[in-house]
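Note sheet for the following structure.
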2 protein chains.
Amino acid sequence: MPRGREKITPLMHRVLQTLSASRVHLTAEEILECLEGVGRATVYRALDRLCEQGLINRLSLESGTSVYEYVREPHMHFVCRECGNLYDIPAEFASSLEQIMTKCGHSIVKTDVTAYGVCKNCRMAE
Amino acid sequence: MPRGREKITPLMHRVLQTLSASRVHLTAEEILECLEGVGRATVYRALDRLCEQGLINRLSLESGTSVYEYVREPHMHFVCRECGNLYDIPAEFASSLEQIMTKCGHSIVKTDVTAYGVCKNCRMAE
DNA sequence: TACAATAATGATACAGAGTCTCAAAAACGA
DNA sequence: TCGTTTTTGAGACTCTGTATCATTATTGTA
């Protein structure tokens, strides 16, 4: 379990801070904007390494872009197709999911549960 | 529920056939290759419309690319980070997932459960 | 401290996936 | 049949993300 032992460079630290301070999920470009004067490649590198180390999560959305989040408790995601908002939903069965996959013989590193639809607010507004 | 009522153009039909005939998940570019002489934009358009109509599924992977599959029974996915293979895993709790999301007030159109790790074959091979 | 080796960074060119535009072709309807 | 609408294909374009490489910072060691 390679987790948290690896080195964290100054820039990785800044990225981590940006993400942990943000209440929302950020794209790589948004993080790039937050960190003025920092090279694009450097940000992408930092994001990759932080993902590897399990400190942040990359979420690949339907839209084709990825968003990043600071890792807190395990949870699921809901993406509203109307307003584009991304909601965190408390995880209730992360463990049973893992059991099922393990039963199939695979060993899981990460699970990603995302639902798409119309959120409460958008339904109200219609 | 806008499902299956909409028109299917000749090209959408060919894309649908390609996908239903394939045992594996195909990228847009792979489908493009299967259908020689067909324009790139046309294939992407057909894939979008088939997704909207719920006849096929788009899966947005960690790698940044999307793959498409013909819609059969609900199931989950497992992606091996070693060999890149994508496995279908029988769904066991699609309904309870939907219940949880609904409890949050959102209405779900599609759910996407994908796990990443190392598959059985790759673990054996090590 | 000084010096060499290693790692991190930034600029920029590049690649791949997907989108946009628009004119030509096909299908449709009266 | 003739005009309208839809579908299609070509190609330019955009947007994310990657690769390269020279510069700068960090680290270890004598």
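Note: hydrogens, waters and symmetry copies are ignored here, and every other heavy atom, side chains too, is used. Each chain gets a letter, A, B and so on, in the order its sequence line appears, and its residues count up from 1.
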Inset, instruction - Would you check if there is a donor-acceptor pair between the side chains of A/His106 and A/Glu98 at a distance under 3.5 Å? - result: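 No, because no side-chain N or O of A/Glu98 sits under 3.5 Å from a partner of the opposite role on A/His106.
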In the hydrophobic clustering that connects Ile, Leu, Val, Met, Phe, Trp and Tyr at side-chain heavy-atom distances below 4.5 Å, which members other than [X] occupy its cluster, ordered by chain and number?
X: A/Met124; value: none
X: B/Leu59; value: B/Leu61, B/Val67, B/Val79, B/Leu86, B/Tyr116
X: A/Tyr44; value: none

Can you tell me how far [atom2] of [Y] sits from [atom1] of [X], rounded to the nearest 0.5 angstrom?
X: B/Met76; Y: A/Ile100; atom1: CE; atom2: CD1; value: 4.5 Å
X: B/Ser22; Y: B/Ile31; atom1: OG; atom2: CD1; value: 8.5 Å
X: A/Thr42; Y: A/Leu35; atom1: OG1; atom2: CG; value: 10.5 Å

Would you tabulate the pairs of protein nitrogen or oxygen atoms and nucleotide nitrogen or oxygen atoms of nucleotides 25-30 of chain C closer than 3.5 angstrom?
none

Inset, instruction - Provide the full list of salt bridge (charged side-chain N to carboxylate O under 4.0 Å, His left out) pairs with a residue in residues 70-88 of chain B, sequence neighbours left out, each pair given once. - result: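 Residue pairs passing salt bridge (charged side-chain N to carboxylate O under 4.0 Å, His left out), neighbours aside: B/Glu62-B/Arg81.
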Inset, instruction - Can you tell me which residue pairs pass the salt bridge (charged side-chain N to carboxylate O under 4.0 Å, His left out) test with a partner in residues 23-46 of chain A, sequence neighbours excluded? - result: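 Every salt bridge (charged side-chain N to carboxylate O under 4.0 Å, His left out) pair that includes a residue of residues 23-46 of chain A, provided the two are not neighbours, is A/Glu29-A/Arg40.
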Legend entry - Exceeds 12 heavy-atom contacts within 6.0 angstrom, atom OH of A/Tyr70: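 Count not over threshold, so no.
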Inset, instruction - Return the value, rounded to whole Å, for the distance between atom CG of B/Leu61 and atom C1' of C/dG16. - result: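 Answer to the nearest Å: 15 Å.
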Inset, instruction - Starting at atom CG of B/Asp48, determine the distance to atom P of C/dA17, rounded to an integer number of angstrom. - result: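 Between P of C/dA17 and CG of B/Asp48: 16 Å.
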Base, sugar-phosphate alone, or nothing: which one does [X] contact when heavy atoms must sit under 4.0 Å apart?
X: B/Arg58; value: nothing
X: B/Thr42; value: base
X: A/Ser66; value: sugar-phosphate

Inset, instruction - Specify the angle, to 10°, made by the local axes at the two ends of the helix from C/dT1-D/dA30 to C/dA30-D/dT1 when five pairs are taken at each end. - result: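 Inter-axis angle at the ends, rounded: 30°.
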Inset, instruction - With DNA chain D as reference, determine whether B/Ala41 or A/Ala28 sits nearer its 5' end, using the nearest nucleotide of each. - result: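 With B/Ala41 and A/Ala28 compared, the 5'-side residue is B/Ala41.
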Inset, instruction - List the steps, then state whether side chain to side chain contact (heavy atoms under 4.5 Å, CB included) holds for A/Leu26 with A/Leu19. - result: CA-CA 7 Å; A/Leu26 299 175; A/Leu19 274 174; 4.1 Å; yes
Inset, instruction - Sequence neighbours left out, what passes ring-ring contact (aromatic ring centres under 6.0 Å, His included) with A/His25? Give chain and number order. - result: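 By the ring-ring contact (aromatic ring centres under 6.0 Å, His included) rule, A/His25 matches A/His77.
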Inset, instruction - Answer with yes or no whether B/Arg45 presents, from its side chain, a donor or acceptor under 3.5 Å of a partner atom in the base of C/dG18. - result: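 Answer is no: no donor-acceptor pair is held.
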Inset, instruction - For DNA chain C, determine which residues of residues 32-40 of chain B have any heavy atom closer than 4.0 angstrom to one of its atoms, and list them numerically. - result: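 DNA chain C contact set from residues 32-40 of chain B: B/Arg40.
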Inset, instruction - Using the test salt bridge (Lys or Arg N to Asp or Glu O under 4.0 Å), find all partners of B/Arg58 that sit at least two apart in sequence or belong to another chain. - result: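 Testing B/Arg58 for salt bridge (Lys or Arg N to Asp or Glu O under 4.0 Å), a comparison that skips the adjacent residues, returns B/Asp48.
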Legend entry - By salt bridge (Lys or Arg N to Asp or Glu O under 4.0 Å) - contacts of B/Lys120 (at least two apart):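 Here no residue qualifies.
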Legend entry - Side-chain N,O (A/Thr9) to OP1/OP2 (C/dT9) below 4.0 Å: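 Checking C/dT9 against A/Thr9, a side-chain N or O does come within under 4.0 Å of OP1 or OP2.
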Inset, instruction - Verify the contact: side-chain N or O of B/Tyr44 to OP1 or OP2 of C/dT19, cut-off strictly under 4.0 Å; return yes or no. - result: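 Checking C/dT19 against B/Tyr44, no side-chain N or O comes under 4.0 Å of OP1 or OP2.
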Inset, instruction - Could you tell me from which nucleotide to which nucleotide of DNA chain D, 5' to 3', there is an atom under 4.0 Å from chain A heavy atoms? - result: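 Range of nucleotides within reach of chain A: D/dT16 to D/dA19.
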